[in-house]
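Heads up: the structure comes next, in structure tokens.
Counting begins at 1 with the first residue of the sequence. What you see is a predicted model; the values in this text were computed from it and never measured.
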Amino acid sequence: MNADAFRSAGSFDLRAILLTLVRVDDPLSLFVVGIAVLLVCGWAERLMGGARTLLAYAVGGVVTSVAGLTVGAGESHLFPTVPLGEMPVTGASPLPALLVVAMAASCFAGALWRRRVRGVCLLLAVTMFLYSASASDLFALLALPVGLGLGMLAGGQRATMRVQRSSRHEVRVLLCALTAITAMGPIVATLWGSGAGLLSVYGWLSYDPIVVADGVVCVAGSALVPCPDAASFSEVQAHAGWIAVLPLLVLLVAAWGILRGQLAALGVAMAVNMLIYAGMSALFIVWEPDTLALLARVRGTDADGVWQTLVGFAVGAVVPLGVAVTLFLSRRAVSVAPTSKALRTFLTTVALAAAATVAVSFAGGLAAADHFSPRLTPETLWRDAPLRLLPPSLVPGEWVHAAPATPLAQALWYLPPLVFWLVCVAATVRLVMRPQSVRADEDRARVREMVQRGCGSLGFMATWPGNAYWFAPGADAGFAYRPHGGVAVTLGGAFGGDRGRPEIGAAFVEFCGDNGWTPVFYSVDDAAADALGGLGWQRDAGGR
């Protein structure tokens, strides 16, 4: 963009900007926008009234449009080789304007819903801006501060209700959101990426290094073997690209586990991010401009932005490393340890799946060596064995030494990593989602001794199988509880010699807050109820 075009950004067509706020381009967009208008504007109207809602949409949309056009012009002029997004040429669409309305209405909501709405809006806008980076995504990012400002100017105030949440819970929410962004971002870049964003390069990862061009199988631009059935090969590749989504599903499951305070989920998220970091670093090192030009041709785009793509790969490698380091430094906020049995089962499952994947790939490659071009050799198979654990689209073309030339070879190429990552997803779900994965049974012997030193009339329930246990630090007391969803239900009151100390119940409540649970004290006796009375909770008619 030249200097004259940059200066012209100061003059805006207000009529065109207002038109874009109420215009959609196709029936599907009309349906999506219609549903969003009903949900967002209906909720906002109940909180701040119809006049404020209309004002936020119209004025906020115009302010967002002017800010987006100005920022886009400046970015294109000052940072032409840095991929931050497409240059906006018109005003904001209805969706960024609805984000303004949501953020403005959040200023009139209670503390809990204010945090939820702002968190969802921030997660959506940041993810779309980094990984999709269309002009509309720039407007969506700018809509957040515009909406907050309009909400406060319109009379919004902080809610007086104070939500009792520990600082650890807030840290876990941020860690969960950070992990979720790195998990959903590559999918966004693949499906909706403009190719111009800072992390839009992740959208390239769904494209196989083995491509079919003019009836010839090619790897990294070098023709290897004729492919008479090019159409079916391309169809297989179109579906095989989604194998790269499976590691991201592992990250999403880990994000949920982090929110619940599970240390195992934190470790899984760190491991996957380090794997992504290693892969992106390798791609940055081995991919050359010629390779990028070939991929650009496959995608139907030009290769003029090769240097922008290289910058994207460099930044894309740093992001997962930064996420992994952040998770490690914040590990104190995630303290729920897994049982040794659950951890052993997870590690054994992943290790056996990896060994089986390599073995099947090696044996299958030997049996079908003539179905690859050039012909596979034991040396080639042994050297490339670790690569079979990666989704095929994440393997650099320069590391592929033979291309599958027949349907049998294609099955041997694509199925082993697919099965391996499906097993990894299932193992992670089992580790993170099952309440039995939390350390409990190993402490039952200790509980039996403590119950003998003091308990309520239902203290015997503390020793039941399936319970989880919390032990008060520095005191002879604890609670038996069962987590379900976001609730931790105790089985009776505290047990142990110090069960009557009033601070025991408060410490257990803080522990539940650290783990994202709401505590429920079930069937406690009068002594336990009196000890919990300082928390300000009421006892229901059933005596609970």
Would you be so kind as to tabulate the donor-acceptor pairs closer than 3.5 Å made by side chains of residues 177-189, with sequence neighbours excluded?
from, atom 1, to, atom 2, distance (Å)
Thr179, OG1, Leu175, O, 2.9
Thr182, OG1, Thr179, O, 2.7

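- A 4.5 Å side-chain heavy-atom check between Ile258 and Leu327 finds at least one atom pair inside the cut-off.
- Atom CE in Met270 sits 10.5 Å away from atom CG in Leu321 (nearest 0.5 Å).
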Side-chain atoms of residues 43-54: list all donor-acceptor pairs with protein atoms under 3.5 Å, sequence neighbours left out, distances to 0.1 Å.
from, atom 1, to, atom 2, distance (Å)
Arg52, NE, Ala154, O, 2.9
Arg52, NH1, Met48, O, 3.2
Arg52, NH2, Ala154, O, 3.4
Thr53, OG1, Gly49, O, 2.8

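- For Val253 against Met433, the heavy-atom pair with the smallest separation is CG1-CE, 4.3 Å.
- The distance from atom SG of Cys176 to atom CH2 of Trp256, rounded to the nearest 0.5 Å, is 8.0 Å.
- Remark: side-chain polar atoms of Trp421 are paired, donor with acceptor, to backbone N or O of Leu389 under 3.5 angstrom.
- The distance from the SG atom of Cys107 to the CG atom of Leu153 is 9.5 Å, given to the nearest 0.5 Å.
- By the 4.5 Å heavy-atom criterion applied to side chains, Leu95 and Leu99 are not counted as neighbours.
- Around OH of Tyr277, the count of heavy atoms belonging to other residues, nucleotides or ligands within 6.0 Å does not exceed 12.
- Gly60 approaches Leu150 most closely through the heavy-atom pair CA-CD1, 3.4 Å.
- Distance check, rounded to the nearest 0.5 Å: CD1 of Ile35 to CG of Leu39 gives 6.5 Å.
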* Stepwise side-chain contact (heavy atoms from CB on, under 4.5 Å) check, Val350 with Val423 -> CA-CA 7 Å; Val350 173; Val423 172; over 6 Å; no
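- Nearest heavy atom pair, residue Tyr481 against residue Trp470, reads CE2-N, 3.8 Å.
- Of all heavy-atom pairs spanning Val171 and Ala333, the tightest one is CG1-CB, 3.6 Å.
- Panel note: side chain Thr20, backbone Ile17; a donor-acceptor pair is recorded below 3.5 Å.
- Contact annotation: the side chain of Leu251 approaches that of Asn273 to within less than 4.5 Å [non-hydrogen atoms, C-beta and beyond].
- At distances below 3.5 Å, at least one donor-acceptor pair connects side-chain atoms of Arg388 with backbone N or O atoms of Trp413.
- Within the 4.5 Å cutoff, side-chain heavy atoms of Ile276 are placed close to those of Val272.
- Counting heavy atoms from C-beta outward, Leu390 and Leu387 have side chains that approach closer than 4.5 Å.
- Among all heavy-atom pairs drawn from Gln262 and Val432, the shortest one is NE2-O, 2.9 Å.
- The nearest pair of heavy atoms linking Ala104 to Phe108 is O-CD1, 3.5 Å.
- Taking CZ of Phe129 as the start and CG of Leu138 as the end, the distance is 5.5 Å to the nearest 0.5 Å.
- Leu246 places none of its side-chain heavy atoms less than 4.5 Å from the side chain of Pro391.
- Contact check for Thr518 versus Cys512: no side-chain heavy atoms found under the 4.5 Å cut-off.
- Taking 4.5 Å as the limit, every side-chain heavy atom of Leu144 sits out of range of all side-chain heavy atoms of Leu148.
- Within the 3.5 Å criterion, the main-chain N or O of Leu21 finds a donor-acceptor partner in the side chain of Tyr57.
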